[in-house]
Amino acid sequence: MIIAVDGPSAAGKGTVARAIASRMGYHFLDTGSLYRMVGLAMLRAGKSGDDVSAAAGFAATLDPASVRDADLRNEDVAAMASKVAAIPDVRAALLEFQRRFARQKPGAVLDGRDIGTVVCPDADLKFFVTARADVRARRRFEELRGQGHKVSLEQVLADIEARDARDAARAVAPTVAAPDAIVIDTSDLDRHAVLARVMSLVRARN
Ligand code: DC
């Protein structure tokens, strides 16, 4: 059983994907963390986002331990991840790992941007979890403030919109719902309502 959960940042796809995996006993992969690991390596090496060969090199030799690096969730790492994610050689280097992960028994849930379209086009179930940009910005703003970061709502919205535009406009594997994906708009739903809806669809497939 392979379940794809795609969508833009801060729409709630991580919450959805983790909940499915833990309730069903499936493996879970946050594929954004792979792009973030490349972004973090680029920043630490002082490379610019258009250094294609450096990014491809880091993607081909990812250090698995860096998945636990606290800096992975930083906004500058997110912005760099979105830049390196547009580089075809970076995506190609990460593709086989994601596909191998997806084939694990008894099932796997992968969250990202292109799981239902490119990584696992034959996934058994595909969700596209989205929400309006202003709602996603407010959630991200509250999360950042809760962690003690001094940010403004306007800046968080601007960052989200810039990242959305870059992720949706890129030539390779842009953020787009697969034609057979179930679209869940979380703008006006709370976490419980979203999970109830998703889990009833997952259970109907089992
Ligand atoms: O989901 P996230 O915010 O952790 O993702 C970080 C960046 O990685 C995001 O801006 C786009 C990119 N990404 C991607 O291109 N494809 C994926 N499957 C997952 C993430």
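Atoms within each ligand, like the ligands themselves, are counted from 1 in listed order.
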**Request:** Decide side-chain hydrogen bond (donor to acceptor under 3.5 Å, both in side chains) for Arg166 and Ser82; before the verdict, give the C-alpha distance in whole Å, the side-chain angles of both, and the deciding distance to 0.1 Å.
**Result:** CA-CA 7 Å; Arg166 202 162 36 225; Ser82 164; 2.8 Å; yes
Looking only at distance, does [X] have an N or O less than 3.5 Å from an N or O of ligand 1?
{"X": "Ser33", "answer": "no"}
{"X": "Asp30", "answer": "no"}
{"X": "Gln98", "answer": "no"}
{"X": "Tyr35", "answer": "no"}

Taking the side chain as C-beta and beyond, is there a heavy-atom pair between [X] and [Y] under 4.5 Å?
{"X": "Glu75", "Y": "Leu144", "value": "yes"}
{"X": "Val202", "Y": "Leu125", "value": "yes"}
{"X": "Leu34", "Y": "Phe101", "value": "no"}
{"X": "Ser9", "Y": "Arg140", "value": "no"}

Protein residue, atom and distance nearest to [atom], heavy-atom basis:
{"atom": "atom 19 (C) of ligand 1", "value": "Thr31 OG1, 3.4 Å"}
{"atom": "atom 4 (O) of ligand 1", "value": "Arg36 NE, 2.6 Å"}
{"atom": "atom 16 (N) of ligand 1", "value": "Arg91 NH2, 3.0 Å"}
{"atom": "atom 20 (C) of ligand 1", "value": "Gly32 CA, 3.5 Å"}
{"atom": "atom 17 (C) of ligand 1", "value": "Arg113 N, 3.4 Å"}

**Request:** Pick, from Asp114, Val172, Thr175, the option with the minimum heavy-atom distance to atom 18 (N) of ligand 1.
**Result:** Asp114
**Request:** Below 4.0 angstrom from a heavy atom of Asp167, which ligand 1 atoms are there? Numbered from 1 as shown, please.
**Result:** 9 (C), 10 (O), 11 (C)
**Item:** Enumerated ligand 1 atoms positioned under 4.0 Å from heavy atoms of Ala85
**Value:** 12 (C), 15 (O)
**Asked** Using a heavy-atom cut-off of under 4.0 Å, does the side chain or the backbone of Lys13 touch ligand 1, or both, or neither?
**Response** side chain
**Asked** Heavy-atom contacts under 4.0 Å between Arg163 and ligand 1: side chain, backbone, both, or neither?
**Response** side chain
**Asked** At a 4.0 Å cut-off, with the gap strictly under it, does some heavy atom of Arg170 reach an atom of ligand 1?
**Response** yes
**Prompt:** What do you reckon, is CZ of Arg191 surrounded by more than 12 foreign heavy atoms closer than 6.0 Å?
**Reply:** no
**Message:** If we count only N and O atoms by modelled type, under 3.5 Å, do the side chains of Thr186 and Arg139 hold a donor and an acceptor together?
**Reply:** yes
**Asked** Mind checking what makes side chain to side chain contact (heavy atoms under 4.5 Å, CB included) contact with Leu189, not counting sequence neighbours?
**Response** Ala193, Val194
**Message:** Count I, L, V, M, F, W, Y as connected when their side-chain heavy atoms are under 4.5 Å apart, and connections chain through other members. Are Tyr35 and Val129 then in the same cluster?
**Reply:** no
**Item:** Side-chain ion pair, Asp188 and Arg132, N-O less than 4.0 Å
**Value:** yes
